[in-house]
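Source: prediction; values computed, not measured. Chain letters run A, B, ... following the sequence lines, proteins first, then strands; residues in each count from 1.
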Amino acid sequence: MSQRGPFTRSFFARDALEVAPELLNALLERGGCLARIVEVEAYRGGDDPASHAYRGKTARNATMFGEPGHLYVYFTYGMHFCANVVCGPKGEASAVLLRALSPVKGMQTMRRRRHGMERDRDLCSGPAKLCEAFGITRSLDGADLLYGKEGIVLRRDGVAPPGKPNIGLRVGLSERSGAARTFPWRFAVPGDPNVSRAMRIPT
DNA sequence: CTTTGGATCGTCT
DNA sequence: GACGATCCAAAGG
């Protein structure tokens, strides 16, 4: 695995379940804002009832069916955006949802976007919060995360993923997701204060 | 610290 | 017409 620098397309062209824990401790950068990925969830395509792709391709989820390594941004609850990294070979529609980041640089900008939240741990400690902090909206849906040509990039700086990530259940799934609600497809960096409380407990 | 309910609209049924 | 891969302020321990 690459210790430093950009990711490769083939890194993402795998099962989201493999990619998700390996994305921990990677860096997301946009403009002057820089943060480390500390909590993620894996979503798969056709066989995952919790996935937006489960019921097939639509205008909203089209990006999930495209090339891996791109950003899938969706709008929810009438007011929030959430960001995913597309995984799997083209056409497979799996993805990794970014649930929490640990801010590294550009906190003043994040604070301004986040309505003046004082504490660093309130800036990116949730899937919609991190999108707000980074100014991610639907206009960034489909952006390639490998080289930063659309102004947003994912890379590694030498900090490896945790050898033993904390593992838990995915959040916010309704009963419609059935047995998928019991799949331990959520991963977090142990001990990071930006991670959801329940996920800070070792598994 | 935890719990509860309101906000708000694009998307798919 | 119903429902979110959510967040936050307010209220109670």
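Positionally, the nearest nucleotide of DNA chain C for A/G172 lies more toward the 5' end than for the other of A/G172 and A/H115. Place A/M117 and A/L173 on DNA chain C by their nearest nucleotides, and A/L173 ends up nearer the 5' end.
The side chain of A/R114 places an N or O atom within less than 4.0 Å of a non-bridging phosphate oxygen (OP1 or OP2) of C/dC8. Between A/R197 and B/dC1, a side-chain N or O to OP1/OP2 separation shorter than 4.0 Å is absent. Residue A/S174 places at least one side-chain N or O under 4.0 Å from the OP1 or OP2 atom of C/dG4.
Consecutive Watson-Crick or G-U pairs involving DNA chain C, each under 3.5 Å on both distances, make up stems of three or more pairs at B:1-7 with C:6-12, B:9-12 with C:1-4.
What separates CZ of A/R119 from C1' of C/dC8 is a distance of 12 Å, to the nearest Å. Computed from coordinates, the A/R44 CZ to C/dA5 C1' distance equals 17 Å when rounded to whole Å. Per the geometry, OH belonging to A/Y54 stands 15 Å off P belonging to C/dA5, to the nearest Å. When rounded to the nearest whole Å, the span between CZ of A/R186 and C1' of C/dT6 equals 13 Å. Here the P atom of nucleotide C/dA5 and the CG atom of A/L98 are 16 Å apart, to the nearest Å. The CD-C1' distance, from A/E175 to C/dG4, rounds to 14 Å in whole Å. With rounding to whole Å, A/H52 atom NE2 is found 9 Å from C/dT6 atom P. One can place OH of A/Y72 at 9 Å from C1' of C/dA5, the figure rounded to the nearest angstrom.
Cluster membership for A/L23 and A/Y72, using ILVMFWY side-chain heavy atoms within less than 4.5 angstrom, is not shared.
Ion pairing between a basic and an acidic side chain is recognised when a charged N comes within 4.0 Å of a carboxylate O; A/R121 and A/D192 show no such pairing.
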* In the 5'-to-3' direction, what one-character label does each nucleotide of nucleotides 8-13 of chain B receive under the scheme B = base within less than 4.0 Å of a protein heavy atom, S = sugar-phosphate only, - = no such atom? -> BBSSS-
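Within a 6.0 Å radius of CZ in A/R9, other residues, nucleotides and ligands contribute more than 12 heavy atoms.
When every heavy atom of A/D141 is checked against every heavy atom of A/V73, the shortest pair comes out as OD1-N, 3.0 Å. Nearest heavy atoms, A/A180 versus A/L173: O-CD1, 4.3 Å. Annotation for A/Y74 and A/R60: closest pair CD1-NH1, 4.0 Å, computed over non-hydrogen atoms.
The aromatic rings of A/F75 and A/F81 lie tilted to each other, with the angle between the two planes from 30° to 60°.
When heavy atoms are screened at a 4.0 angstrom cut-off, A/A128 is found touching the sugar-phosphate backbone but no base atom.
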* Worked verdict on A/E132 versus A/R114 for salt bridge (charged side-chain N to carboxylate O under 4.0 Å, His left out) -> CA-CA 6 Å; A/E132 194 169 37; A/R114 290 277 300 127; 2.6 Å; yes
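Of all nucleotides listed (B/dT2, C/dT6, C/dA5), C/dA5 comes nearest to the side chain of A/L97.
Both thresholds, 5.5 Å between centres and 30° between ring planes, are not jointly met by A/Y74 relative to the base of C/dA5, so the two rings are not stacked.
Of the N and O atoms on the side chains of A/S196 and A/R186, at least one donor lies less than 3.5 Å from an acceptor on the other residue.
Under the side-chain contact (heavy atoms from CB on, under 4.5 Å) test applied with A/L123, the options A/K129, A/M117, A/E118 reduce to a single match, A/M117.
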